[in-house]
Q: 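If you scroll down you'll find the structure; I have some questions about it.
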Amino acid sequence: METWQQNEAFRRMDPQKQKMIEQLANSLQGKKLTEALPLLTGWKNEMSRQNISFTPEENQILTEIFSAQLTPHQKRQFELLKNAGLNRRHR
């Protein structure tokens, strides 16, 4: 199985984005979902403040990194939260 670091989209990314994603991945290690979500939200807000945006392909890598840190139960919870967020945006 390919890791996110080996993903071609990740390898093509700007080195600054790669570094920021690696820092995020390190900060998420060992965190519970309730601890990880605020970290992820804060990280995304910081990216916005720095005017850094990600392509849909890059966002998929971010999702892979985040979900790789979760237990199966937490992954189900995350999917429910993610789907609820998508449903709200499309109203």
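The figures that follow rest on heavy atoms only: side chains count, while hydrogens, waters and symmetry mates do not.
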Q: Which pair of heavy atoms, one from Gly30 and one from Glu35, lies closest together, and at what distance?
A: O-OE1, 4.4 Å
Q: Give, for atom OG1 of Thr55 and atom CE of Met13, the distance between the pair rounded to the nearest 0.5 Å.
A: 6.5 Å
Q: Nearest 0.5 Å, please: how far is CD in Glu57 from CG in Asn59?
A: 10.5 Å
Q: Quick check: do Lys44 and Phe54 have side-chain heavy atoms less than 4.5 Å from each other?
A: no
Q: Mind checking the CZ-CD1 spacing from Arg11 to Ile61? Nearest 0.5 Å is all I need.
A: 11.5 Å
Q: Look up atom CG in Leu24 and atom CG in Leu40, then write down how far apart they are to the nearest 0.5 Å.
A: 6.0 Å
Q: Taking the side chain as everything from C-beta on, heavy atoms only, tell me whether Asp14 gets closer than 4.5 Å to Ile52.
A: no
Q: Do the non-hydrogen side-chain atoms of Trp43 and Met20 ever get within less than 4.5 Å of each other?
A: yes
Q: Which pair of heavy atoms, one from Leu39 and one from Ser27, lies closest together, and at what distance?
A: CD1-O, 3.6 Å
Q: For the CD atom of Gln18 and the CD atom of Gln16, what is their distance to the nearest 0.5 Å?
A: 11.0 Å
Q: I'd like to know if the side chain of Glu46 pairs up with that of Gln50 as donor and acceptor (distance under 3.5 Å, no hydrogens or angles considered).
A: yes
Q: Does Lys17 reach the main-chain N or O of Phe10 with its side chain, forming a donor-acceptor pair under 3.5 Å?
A: no
Q: Supply the atom-to-atom distance Leu37 CG to Leu28 CG, rounded to the nearest 0.5 angstrom.
A: 9.5 Å
Q: Can you find a heavy atom in the side chain of Gln60 that is under 4.5 Å from one in the side chain of Asn7?
A: no
